[in-house]
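Not measured: the values here are computed from a predicted model. Throughout, protein chains are lettered first and strands after them, A, B, ... in sequence-line order, and every chain is numbered starting at 1.
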There are 2 protein chains.
Amino acid sequence: MISSDIVVHIKSMPIFKNLPSHNMEQLASIAIDQHFRRGEIVFSEGDKGTGFYVVVSGRVKIFKLSFEGKEQILHFFGPGEPFGEVAIFEGWRFPAHAQCVNDTRIFFFPRDAFVDLLKRHPTLSLNMLAILSMRLRKFTHLVEDLSLKEVPGRLAAYLLYLRERNGGRSFFELDISKSQLASLLGTIPETVSRIFTKMNKQGIIHSDGRHIQILDAERLRCLSEEGERL
Amino acid sequence: MISSDIVVHIKSMPIFKNLPSHNMEQLASIAIDQHFRRGEIVFSEGDKGTGFYVVVSGRVKIFKLSFEGKEQILHFFGPGEPFGEVAIFEGWRFPAHAQCVNDTRIFFFPRDAFVDLLKRHPTLSLNMLAILSMRLRKFTHLVEDLSLKEVPGRLAAYLLYLRERNGGRSFFELDISKSQLASLLGTIPETVSRIFTKMNKQGIIHSDGRHIQILDAERLRCLSEEGERL
DNA sequence: CAGGATCCTTGACATAGATCAATGAGTTTC
DNA sequence: GAAACTCATTGATCTATGTCAAGGATCCTG
């Protein structure tokens, strides 16, 4: 069967969890397998969305650009994560840009076939609702960070988040470049750099390139949650 | 019938559009009718959400607070608009505070009964998906504003939005106080005040209290979209 | 391994916008 | 109708962070 590889991937995607097996095969039959090189654009803000995407392997970033070209990253999506769904339920156009950070494999699901499936499978709808809700929650945090925290606080929050994602270990690697980190935190590389330097000097962390060690997690928490100064 | 008034309201809510009539009655039977005074809290960040809400009349604001008490407004919701749904699909806790701006009437829908209905009615799920998508799109704009625009640009965008909402008429009223406007734009009243003064002096708008007249819409567009300076 | 390219760091400087403070206008309350 | 608020405006500072510039480190690629 031509799509057996595709079915295997689809079965492992959280968004399709608890769907009957024959629907997975149905999905596989409508999925379009796409390959992108590092740096390639999947879609641009304002493009018409005729379906949505799920990352199979690699990494995609969703971002906005200002007039002067400053970038604000909204999400990074990795294997198993869907993106571009907003355009299929409302408004038709993508509200931001999507670009591959690495060489990336993506499945594209055309709108109509997918909506049909949604209509027949409440489970799928509930999965989708949960995903959108999670995303709204993430945005709430992003807005909070941008509006109510200073940059050191945002960075502190991100470091604590990375620690959590690494099973609570205080020694881990940055998963993105520092300039991408700046775009994610709503600032510029110079500022990130200066804050790293300060945190190192104050013994809050020990960092070397992308290797980070958290020495004083409590201090990071205060920076992030209590607006303490560096 | 005790709930006939409730049914009437429910039938007019966009979120329940296209639902069979008997389901509207079912909804009416689970809806809890709540009344709040101006300033009362509907829920606080971190509270467990056991259902979601729809505004019947009045106005509710959803907001975050910083450690020092600075407020960032995420949404205003008026008649017919649902809020607090995120907590029923994912995570269980409300990610922000909800407070009534006026005396407000709200219907509360308990989670379980509502999820049952979702499972049986794809239409309802699709309505909900559209609503969450719309909200994600709004957040994308908010993040863009906060991170990529300066305050005058954000205010310009808001004024143009108000004009649109008033059928394109260039003369309208601010729907919120200027200090609430500041919280919505991620700034403080002083800054909003200064920008209004400048816009008046430059003949871009003519404003008196809450009355606004747009004199140079093109200039506002440049401020908002092209990063032009005041 | 040479040559680019990109990324990172650090310094000197500029500035948008926050903070602090004072006053005035408008509105609710008793 | 006076008092007590809340809201709006304006001025004088202060500061976090952006901008510009330069040098160094690191990483690909041929």
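- If you check every strand for non-hydrogen atoms under 4.0 Å, A:Arg210 touches nothing.
- Taking atom CZ of residue B:Arg229 and atom C1' of nucleotide C:dT15, one finds them 9 Å apart after rounding to whole Å.
- In this structure, the CG atom of A:Leu185 is 11 Å from the P atom of D:dG18, given to the nearest Å.
- Comparing C:dT10, D:dT17, C:dA18 by their nearest atom to the side chain of A:Glu150 picks out D:dT17.
- Checking B:Gln180 against B:Lys201, the closest nucleotide of DNA chain D that is more toward the 5' end is the one next to B:Gln180.
- Set against C:dT9, D:dT10, C:dC7, the side chain of B:Ser193 has D:dT10 as its closest nucleotide.
- Between A:Thr191 and the phosphate of D:dA16, there is no side-chain N or O to OP1/OP2 separation shorter than 4.0 Å.
- For B:Val151, whose side chain is taken as the heavy atoms from C-beta onward, the closest listed nucleotide among D:dA16, C:dG17, D:dT17 is C:dG17.
- Checked for salt-bridge contact, B:Glu45 and B:Arg93 miss the test: no charged N lies under 4.0 Å from a carboxylate O.
- The phosphate of C:dA18 (OP1 or OP2) has a side-chain N or O of B:Thr187 nearer than 4.0 angstrom.
- The interatomic distance linking B:Leu230 (CG) with C:dG17 (C1') rounds to 13 Å, in whole Å.
- Out of D:dA16, D:dT17, D:dT19, the shortest distance to the side chain of A:Glu190 is found at D:dT19.
- Aromatic ring centroids of A:Tyr53 and A:Phe77 lie 6.0 Å or more apart.
- Contact check, A:Ser179 against C:dC8: a side-chain N or O comes under 4.0 Å of OP1 or OP2.
- Across the protein-nucleic acid pair, A:Leu181 atom CG and C:dC7 atom P stand 14 Å apart, rounded to whole Å.
- One can place CG of B:Leu146 at 14 Å from P of D:dG18, the figure rounded to the nearest angstrom.
- Counting only heavy atoms from C-beta on, B:Lys178 has its side chain closest to D:dA8 among C:dA18, D:dG18, D:dA8.
- For the residue pair B:Arg165/B:Tyr161, the side-chain donor-acceptor check at 3.5 Å is satisfied.
- In this structure, CD1 of A:Ile188 is placed 17 Å from P of C:dC13, rounded to the nearest angstrom.
- Between the CD atom of B:Glu71 and the C1' atom of D:dC7 there is a distance of 14 Å, rounded to whole Å.
- The heavy-atom pair separating B:Ile41 from B:Phe36 by the smallest distance is O-CE2, 3.8 Å.
- Between B:Phe109 and B:Phe16, the ring center distance clears the sub-6.0 Å criterion.
- When each of C:dA12, C:dA18, C:dA16 is scored by its nearest atom to the side-chain atoms of A:Arg194, the top-ranked nucleotide is C:dA12.
- Summarising the geometry, the separation between CG on B:Asp208 and P on C:dA25 is reported as 13 Å, rounded to the nearest angstrom.
- Closest contact between the side chain of B:Ser177 and the listed nucleotides C:dA21, D:dC7, C:dG17 involves D:dC7.
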